[in-house]
Amino acid sequence: MEEKKFDLNSIIGFVLIFGILIWIMYQNQPSDKEIAAEKAKKELVAKQEAQAKADKTKTAVLPVAAAATPGDTVQLAQLQKTLGGFAYSATLPSAKEGFTTIENEKMILKIANKGGYIVEAKLKEFKRFEKNSGQIVELIKDNNSDLNIQLQTTDNRTLNTKDLYFEPTLTKNGADQILTMRLKAGANEFLEYKYILKPNDYLVGFDIRSQGLNKVLNSSKPLDLVWDLKSYRNEKSVSIEKRYAQIEYEYGDEKYSSVSHGVGKEDTPEKVSYIAFKQHFFTAILATDKPFEKSKLQSDDLVKDEAIDTTFIKQFKATVPLAFSNGEVDYKMNWYFGPSDYKTLKSYDKNFEKIIPLGWGIFGWINKWVFIPLFGFLSSTIGLSLGIAIIIFTIIIKLAMSPITYKSFLSQAKMKVLRPEITELGEKFKKDPMKKQQETMKLYNKAGVNPMAGCIPALIQLPFMYASFQFFPSAFELRQKSFLWADDLSSFDAVVKLPFHIPLYGDHISLFPIMAAIAIFFYMKMTSGDQQMAAPQQEGMPDMAKMMKIMIYVSPLMMLIFFNSYGAGLSLYNFISNLITIGIMFVIKNYIVDTDKIHAQIQENKLKEPKKQSKFQQRLQEVMEQQEAAKGQNKKK
């Protein structure tokens, strides 16, 4: 083994490197002048920070300091320079950053002395995102909402109630909690907010009134009340919550509308009786017994990128006037902080349930009088699990619609039997389309077949299908209720989380939409052949056979894409619905409808006197004859 030797060159190298480092440090050392300048700069910054902190502390504690000597006329005079008649409120012990909490079995409300408005609204029974998230639903927290009245005083001041201190007084009337918040201009002159919380209730009484302020406030024009709220995300799907979050309101003679989605959207309705800042499954409502004469309602989307903007959904703002009467204001109002549940909202008899998007016209009627009562009976009265309730609900709806399905299929079977004769007429009058149409109509009439009979039953079923698209996404009962692999029937049932995002599809794979897509594929595959046979190609019309072949694949693909982020309850309904329809069609086709009997019946009908044409058929026949006559005259010319 070679012996290690003393390496003089290495020692010299280390010494030189060390010397160079010392020299660099010395050269970079700041001069005395630079050190003094830096020290002066730090002292200036520290002084400025100390002054800012002192100013802030002075502003915050000024009312408290004044409160120690409420009779100090000098201090009162100083406060009057900025607060005018409301300087008195700053001399009270309550003029500090205090809070009063009231709660019942449903919620917890926290009201601040400063501003007198609700700074926290927690719903005790509900969790954010998922059942076991550990995060309670809070509609108001961390300064995401405020309520302000702009006060115009007789001495030309403009004050904001959100910057002034109210005096709280908590009392009880039986089981009701009553919190009175007063912004005082004197011992008996004040602006008052009164909160009345009843047991086991989401509705809070909220009265605004003034007393003795006719000489303090300028009553020549109404006070502007401004309520704004930045809505927190509470559900798993950002895109779905964004879709259903908007401002809803009632105005005029129980008319109802909503502010459009988008950035900078605004409405200015008159005679407004309530304003709802609605999220997907929760809502905050301000309702008034005396309608607001005017209003300005503003809504902004806060979600630009669903992968990034995941805390807040919408920014809502409402500005309404509080009119004076004999120099004072007096409004009886209510707050609602609770679930967007149809039955709960309807129980208050204030038309709150209109904020639930059940669809317009007949779609809304189907949801209101069929879907909601039936599903409520299955889920609440019988006490079934929500998944089983959806399945039984679907079976009942489809069985009720089965006679219509039968009529539709029977009409297709009749048309299928007549197809050879219709084809023969098409060949015979190939060069005369008008004559072909006339002869075809005669054949239909003689055989006792209505070509529209197959369309009408299908049209009757469409409103029920559309109503289901409105009902299930709005059904609060489904929220955080599990079934099979779906842990929340109101949200998507992701079985695979993708490491990337697919446009229109999402970053996950839901199983129920896949099952629904497969079911609709087989349903369309099963019925498309009969539909093609039943509907012969009309000259000048699109080739329905080709269109049906395309739709067999397009419809399931659309189901797969667009339902991937929808609630599992809706996909489950569509899966069961198509499955039952396949079964019903199979039974009708193989065990009920006999094509031989239909053919024999049609041949028998041909031997009878033709049925009297309907007015529509008569009119159509007349139009065809007139066109044929006109065509003949043109040929003669």
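Bear in mind that the values here come from a model prediction, so they are computed numbers and not experimental data. Keep in mind that the numbers below use all heavy atoms, side chains included, and drop hydrogens, waters and symmetry copies.
- Between the CD1 atom of Ile108 and the CD atom of Glu103 there is a distance of 4.5 Å, given to the nearest 0.5 Å.
- With ring centers used as reference points, Trp227 lies 6.0 Å or more from Phe316.
- In this structure the side chain of Leu225 never reaches within 4.5 angstrom of the side chain of Tyr331, judged on heavy atoms.
- Across all non-hydrogen atoms, the minimal contact from Val259 to Glu266 is CG1-N, 4.1 Å.
- In this structure, CG in Asn367 is found 10.0 Å from CZ in Phe464, a value given to the nearest 0.5 Å.
- Phe99 and Asn113 get closest at one heavy-atom pair: N-OD1, 4.2 Å.
- Looking at His508, its side chain does come within 3.5 Å of a backbone N or O of Asn564 through a donor-acceptor pair.
- Contact annotation: the side chain of Gln315 approaches that of Asp228 to within less than 4.5 Å [non-hydrogen atoms, C-beta and beyond].
- Residues Phe282 and Phe476 bring their aromatic ring centres within 6.0 Å.
- At distances below 3.5 Å, not a single donor-acceptor pair connects side-chain atoms of Lys481 with backbone N or O atoms of Leu386.
- When only modelled atom types and interatomic distance are considered, Asp487 and Ser482 share no side-chain donor-acceptor pair under 3.5 Å.
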(request) Using the side chain to side chain contact (heavy atoms under 4.5 Å, CB included) rule, take Glu477 and Asp341 through it: C-alpha gap first, then chi angles, then the decisive distance, then the call. (result) CA-CA 8 Å; Glu477 303 97 312; Asp341 175 55; 4.3 Å; yes
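- Residues Asp300 and Lys265 are not paired through a salt bridge, judged by the lack of any N-O separation under 4.0 Å between the basic side chain and the carboxylate.
- Nearest heavy-atom pair, Gly569 versus Ile390, reported as atom, atom and distance to 0.1 Å: CA-CD1, 3.8 Å.
- Within a 6.0 Å sphere centred on CG of Asp163, heavy atoms belonging to other residues, nucleotides or ligands number more than 12.
- Ile355 places a side-chain heavy atom less than 4.5 Å from the side chain of Tyr256.
- Although no hydrogens or angles enter the test, the distance criterion places a donor-acceptor pair under 3.5 Å between the side chain of Asn144 and the main chain of Leu139.
- Side-chain contact annotation: Glu250 with Asn351, donor-acceptor N/O pair under 3.5 Å present.
- Remark: the backbone N or O of Lys127 is paired with a side-chain donor or acceptor of Gln480 at under 3.5 angstrom.
- Under the 3.5 Å distance criterion, the side-chain polar atoms of Thr394 are left unmatched by any main-chain donor or acceptor of Ser577.
- Side-chain contact between Thr101 and Glu120 is absent, with no heavy-atom pair separated by less than 4.5 Å.
- Between the side chain of Asn160 and the backbone N or O of Lys162 there is no donor-acceptor pair closer than 3.5 Å.
- Judged by distance alone, with hydrogens and angles left aside, the side-chain atoms of Asn104 form a donor-acceptor pair with the main-chain N or O of Met107 at under 3.5 Å.
- Defined by atom type and a distance below 3.5 Å, a donor-acceptor pair is missing between the side-chain atoms of Asp488 and Ser491.
- The ring of Phe471 has its center no closer than 6.0 angstrom to the ring center of Tyr573.
- With hydrogens and angles ignored, the 3.5 Å screen pairs a side-chain donor or acceptor of Lys354 with a backbone N or O of Glu254.
- Counting only distance, with no hydrogens or angles, the side chain of Ser571 and the backbone of Ala568 share no donor-acceptor pair below 3.5 Å.
- Among Arg128, Lys242, Arg479, the single residue meeting the salt bridge (charged side-chain N to carboxylate O under 4.0 Å, His left out) criterion with Glu235 is Arg479.
- Considering only heavy atoms from C-beta on, Leu197 comes within 4.5 Å of Val204 through its side chain.
- Side-chain atoms of Tyr348 and Asn334 form no donor-acceptor pair, as typed in the model, at a separation below 3.5 Å.
- Checked against a 6.0 Å centroid threshold, the rings of Phe281 and Phe126 do not count as neighbours.
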(request) In sequence, state the C-alpha distance, the side-chain angles, and the governing distance for Ile178 and Tyr195, and then conclude on side chain to side chain contact (heavy atoms under 4.5 Å, CB included). (result) CA-CA 6 Å; Ile178 302 173; Tyr195 299 90; over 6 Å; no
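- Tyr251 and Phe292 have their aromatic ring centers separated by at least 6.0 angstrom.
- With respect to Asp207 and Lys332, a salt bridge is recorded, a charged nitrogen being found less than 4.0 Å from a carboxylate O.
- Around the NZ atom of Lys141, the shell of radius 6.0 Å holds more than 12 heavy atoms that belong to other residues, nucleotides or ligands.
- Lys398 pairs in a side chain to side chain contact (heavy atoms under 4.5 Å, CB included) with only one of the listed residues (Leu579, Ile580, Ile576), which is Ile580.
- Heavy atoms only, all atoms of each residue included: Gln298 and Ile247 are closest at O-CD1, 3.1 Å.
- In summary, the aromatic rings of Phe469 and Phe563 are positioned with their centroids under 6.0 Å apart.
- Phe472 has its side chain out of reach of Tyr566: every pair of non-hydrogen atoms, C-beta onward, lies at least 4.5 Å apart.
- The aromatic ring centres of Tyr274 and Phe352 sit less than 6.0 Å apart.
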(request) Determine, step by step, whether Phe206 and Ile118 satisfy the side chain to side chain contact (heavy atoms under 4.5 Å, CB included) criterion, reporting the C-alpha distance in whole Å, the side-chain angles of both residues, the deciding distance to 0.1 Å, and the verdict. (result) CA-CA 11 Å; Phe206 180 59; Ile118 297 170; over 6 Å; no
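- The shortest side-chain heavy-atom distance between Tyr117 and Ser145 does not fall under the 4.5 Å cut-off.
- Counting heavy-atom neighbours within 6.0 Å of Asp305 CG, excluding the residue itself, gives a total above 12.
- From Tyr232, atom OH reaches atom CD1 of Ile140 across 10.5 Å, with rounding to the nearest 0.5 Å.
- Contact check for Lys106 versus Leu123: no side-chain heavy atoms found under the 4.5 Å cut-off.
- You'll find the ring centres of Phe512 and Phe492 outside the 6.0 Å limit.
- In this structure a side-chain-to-backbone donor-acceptor pair under 3.5 Å is present from Asp201 to Leu203.
- Counting non-hydrogen atoms of neighbouring residues, nucleotides and ligands closer than 6.0 angstrom, the CH2 atom of Trp365 reaches no more than 12 such neighbours.
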(request) Check the pair Ile275 / Val320 against side chain to side chain contact (heavy atoms under 4.5 Å, CB included), numbers first and verdict last. (result) CA-CA 10 Å; Ile275 300 164; Val320 295; 3.8 Å; yes
